[in-house]
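Just so it is clear, the values below take in all heavy atoms, side chains as well, and ignore hydrogens, waters and symmetry mates. In the text below, chain A, chain B and the rest are named by the order of the sequence lines, each starting its count at 1.
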4 protein chains.
Amino acid sequence: MGGVTTRKNSGQSTTAPAKRQRATSSGPASERRDHLVKLAAELFARKGFQATTVREIADEAGILSGSLYHHFDSKETIVDEVLSTFLDDLVARYRTAIGSGADPRSTLSEMVRIGFGTLEPHRAAITVMQNDWNYLRQFERFNYLVKAEDEVEQIWVAQIKAGQAAGQFRADVDPKLTYRMIRDTIWVAVRWFRPGGRLNTTGLAEHYITVLFDGLATGERTSQQA
Amino acid sequence: MGGVTTRKNSGQSTTAPAKRQRATSSGPASERRDHLVKLAAELFARKGFQATTVREIADEAGILSGSLYHHFDSKETIVDEVLSTFLDDLVARYRTAIGSGADPRSTLSEMVRIGFGTLEPHRAAITVMQNDWNYLRQFERFNYLVKAEDEVEQIWVAQIKAGQAAGQFRADVDPKLTYRMIRDTIWVAVRWFRPGGRLNTTGLAEHYITVLFDGLATGERTSQQA
Amino acid sequence: MGGVTTRKNSGQSTTAPAKRQRATSSGPASERRDHLVKLAAELFARKGFQATTVREIADEAGILSGSLYHHFDSKETIVDEVLSTFLDDLVARYRTAIGSGADPRSTLSEMVRIGFGTLEPHRAAITVMQNDWNYLRQFERFNYLVKAEDEVEQIWVAQIKAGQAAGQFRADVDPKLTYRMIRDTIWVAVRWFRPGGRLNTTGLAEHYITVLFDGLATGERTSQQA
Amino acid sequence: MGGVTTRKNSGQSTTAPAKRQRATSSGPASERRDHLVKLAAELFARKGFQATTVREIADEAGILSGSLYHHFDSKETIVDEVLSTFLDDLVARYRTAIGSGADPRSTLSEMVRIGFGTLEPHRAAITVMQNDWNYLRQFERFNYLVKAEDEVEQIWVAQIKAGQAAGQFRADVDPKLTYRMIRDTIWVAVRWFRPGGRLNTTGLAEHYITVLFDGLATGERTSQQA
DNA sequence: AATGAATGAGGCTTCATTCAT
DNA sequence: AATGAATGAAGCCTCATTCAT
């Protein structure tokens, strides 16, 4: 249990199918609301959070900007919902992966696949997180984003260290540094990845797994230590 | 000469210490102006382009906001100068690297080093490019950014293909895809890299070169083809 | 129908009391909006378009300047509405006059009366058109003003030529030139005409019609040709 | 003597070829200064006084805007010079005309010719007076414009009344009203008159004189009283 | 005579948000 | 659940003018 705690539906277990409800003043869940969030997410992704006006969101929904405030109490609340929905899903998937008990290399591969696998269903949210993170983190209300990021980092670093201990990964790399590079490589792909290109996200994942584990070079590895 | 043509002073050879001059309406160079650009770059990097007000830039310089317009004709002109200065320098360095005539693997290593090597001197510009690219590219005036990016991509992809042809790089990876992953890994590091940490940029570069060429795994490479 | 096409609601027949509606982005009609336009027109007339600030308009209406933008998307949109409302009315009146089938001299007299007759109800708009035309025509959005002016010119010139053909007007005057002089004499009167003076606009019209047709001189006409 | 008194070179008789000198702080006369005034006049005429920036004037002269203040102490001083130069010339010409001792009709004809005759040499100034009069008259410094206008009005009205007394002009027109209509017809022509068209200013004048004295109609005059 | 830098006031506009209906 | 009107703060930018050099 526990772990990543977004400000939305914290304690909610992955299995509990309880009615989704928010603990905050951001208002009750509803189909209309979810729809509005989706519209907003697309706009945030395309134009950036700051450059997207509440009027544009309202226009997209065919209502007046003031009417949005029946559903959300602020623009921040909307983006909050966009991001936390994504993070909740991501963390849940990671938990499943590390719970499988597979060896570190297999687990890490799976986690890479999970990462690339979110690129399509959560494209908008990931884009927002990449582009507007620097701005949003200034606000206290988004502190939970940092917390979620920290937990994810721990999960990854633990796997890398386990792999080094098991002799599957080379010992001369820095686990934390390595994690960051992997993470960045995956998420930043959202900037150029477009569904329908040569590779789908599965192909992307396998391509990256290959390079990540075996390297770009041919022949014997240059330097190595047990 | 030629190649990447930013809207500023691209053609300028790296060796020619000719008087600095701009070809466009962005205004003439001057020490004062350069200083203001530097101040602005720091603010843009810290707060984001949109979230930085011209008043803040002016405050930082100890003048009134309107006085900025004696030097620049718009806020965009300032960020333009921040970005193009960086790109000019970057492209110049790449050109030197590929002009050395070394083998592809050495050249690619050098290019990775160049990339990480810009992290400190151009930290602000790179941060802006990472965070505000999505917003800025909406404006026609920044089309040159895309052009510069394209030329850089060609330089990299050519090296990767040359390495594959020479048998130095595995043939089963996609050159373009591989370039993008390398590129992203390097630039995104600006988000977490802080001078004075465990590794300096040289260390970062060597660490990444190791993983990039030899992979994270130990033992024999999984799949391989000549 | 047809003819002068202001960017607002030109095609609207004079008899059809259809709901007032605008075809463009200048915003929907409303009583509040019309009231604001009226206030603005007075200020534009008194101080000139450029010298009138949106703050002054807002002050006059008892709201904040930003609130004006709930109704109009720019200061230009406001003056646009002022001018096009006048032109729509004017052209409609001219059309009625030329549709009466009277002889050219009677028709022309009627048109002179129409011109002077707009001096009071459209005083502000005419003043703006006289004083700020030169400035406003620089903007593409006001091209329709020129078009409306051209149609009006055609209407007048046609009547003058018809009068010459019918032998009612002397043949040795230039129709276009004569039109312009008549037009200018009428509109420029807005600069000095004040309701409540010795002559009302009807008196003004008759005075001008006298001089226009019969001349200032006494006795026989100087030169004449059939 | 005396009469129109512009704020510039007041008492200066038309015959005294004394060195031109200004009584005010607007600075001494000089060729450079006159050139700048001419450049400014063109811009004022084309764009309007308010819409013309001192920077544009300076650009046109190839200097920086601040440097203009070595020649003039304000933007108003420049337009002042433009207008007063024109008025001085105009009044001088009128004085010559009324000093000839000819009969009223001849004198009035001559004055019409004088008016149209200034259209070319003083095109810019007349345009400014037509378009920016309403704005400029707000400033106390331009009170002399109103004074000049009043004196000119007296000259005209006196001639019209003399013509009526002599039986040359019909008695049933209002002298002041008639003057205004003549005046407006002449000056407003600056808006559409372009040198090189079908008629030059002499032709324009004769055309107008014909219509003015004999009217547009053919045959006998409608109503007439001794 | 002119430059180059800056001032200071103010202009138009944007936009998240509120609130009575 | 939504409208329509307005707020209030702030944003970018303009421009006549000043002044030391």
Side-chain angles (χ1 to χ4, degrees), chain A residues 27-28 30 32-33 36 49-58 61-78, chain B residues 27-28 30-33 35-36 49-58 61-78, chain C residues 27-28 30-33 35-36 49-58 61-78, chain D residues 27 30 32-33 36 49-58 61-79:
Chain A
S30 81
R32 184 90 177 103
R33 186 185 162 97
L36 293 172
F49 174 73
Q50 293 169 89
T52 301
T53 69
V54 294
R55 182 138 79 174
E56 284 168 333
I57 301 170
I63 58 178
L64 291 180
S65 64
S67 306
L68 272 182
Y69 288 79
H70 277 280
H71 302 277
F72 309 95
D73 38 62
S74 76
K75 192 183 166 191
E76 263 94 25
T77 298
I78 306 180
Chain B
S30 82
E31 274 186 40
R32 186 81 180 110
R33 185 183 163 99
H35 178 61
L36 293 171
F49 174 72
Q50 293 170 87
T52 302
T53 69
V54 294
R55 197 130 52 199
E56 286 167 332
I57 300 171
I63 59 178
L64 292 178
S65 67
S67 304
L68 275 180
Y69 290 80
H70 178 65
H71 302 278
F72 310 95
D73 32 69
S74 74
K75 194 183 163 190
E76 259 104 29
T77 298
I78 306 181
Chain C
S30 86
E31 275 186 37
R32 186 81 179 108
R33 185 185 164 97
H35 177 61
L36 294 171
F49 175 73
Q50 293 170 89
T52 302
T53 71
V54 294
R55 199 130 52 200
E56 286 168 331
I57 300 171
I63 59 178
L64 292 178
S65 68
S67 304
L68 275 180
Y69 289 79
H70 178 65
H71 302 278
F72 310 96
D73 32 69
S74 73
K75 192 183 165 190
E76 259 104 28
T77 298
I78 306 179
Chain D
S30 81
R32 184 88 177 107
R33 185 185 163 97
L36 293 173
F49 175 71
Q50 293 170 88
T52 302
T53 69
V54 293
R55 183 138 79 172
E56 285 167 333
I57 300 171
I63 59 177
L64 291 180
S65 64
S67 306
L68 272 182
Y69 288 79
H70 276 280
H71 302 277
F72 309 96
D73 40 59
S74 76
K75 193 182 164 190
E76 264 93 27
T77 298
I78 305 180
V79 78

Pairing string, 5' to 3', for DNA chain F - Watson-Crick or wobble contacts under 3.5 Å, brackets [ ] where pairs cross, | to another strand: .||||||||||||||||||||
Distance (rounded to the nearest 0.5 Å) between B/L64 CG and B/S67 OG: 5.0 Å
B/I63 CD1 to E/dG4 P, straight-line distance once rounded to whole Å: 17 Å
D/R33 side chain to D/H71 backbone, donor-acceptor under 3.5 Å: yes
Separation of D/F49 CZ from D/I78 CD1 (nearest 0.5 Å): 8.0 Å
Atom pair CD (A/E76) and OG (A/S74), whose distance is rounded to the nearest 0.5 Å: 5.0 Å
Sugar-phosphate, base or nothing in reach of C/L64, heavy atoms under 4.0 Å: base
Comparing B/R32 and C/E56 on DNA chain E - which has the more 5′ nearest nucleotide: B/R32
Spacing of C/F72 atom CZ relative to F/dG4 atom P, expressed in whole Å: 16 Å
Contact under 4.0 Å: C/R33 side-chain N or O vs F/dA5 OP1/OP2: no
Distance, nearest 0.5 Å, that separates NE2 of D/H70 from CG of D/L36: 12.5 Å
Heavy-atom check, side chain of B/I57 versus side chain of B/T52, under 4.5 Å: yes
Interatomic distance where CG belongs to A/L68 and P belongs to F/dG4 [whole Å]: 15 Å
Heavy-atom pair with the smallest gap, counting every atom of D/A51 and C/Q50: CB-OE1, 3.1 Å
Residues B/L68, B/I63; criterion side-chain contact (heavy atoms from CB on, under 4.5 Å); working and verdict: CA-CA 8 Å; B/L68 275 180; B/I63 59 178; 4.2 Å; yes
B/S/- contact track for nucleotides 13-21 of chain E, protein heavy atom under 4.0 Å: BBSSBB---
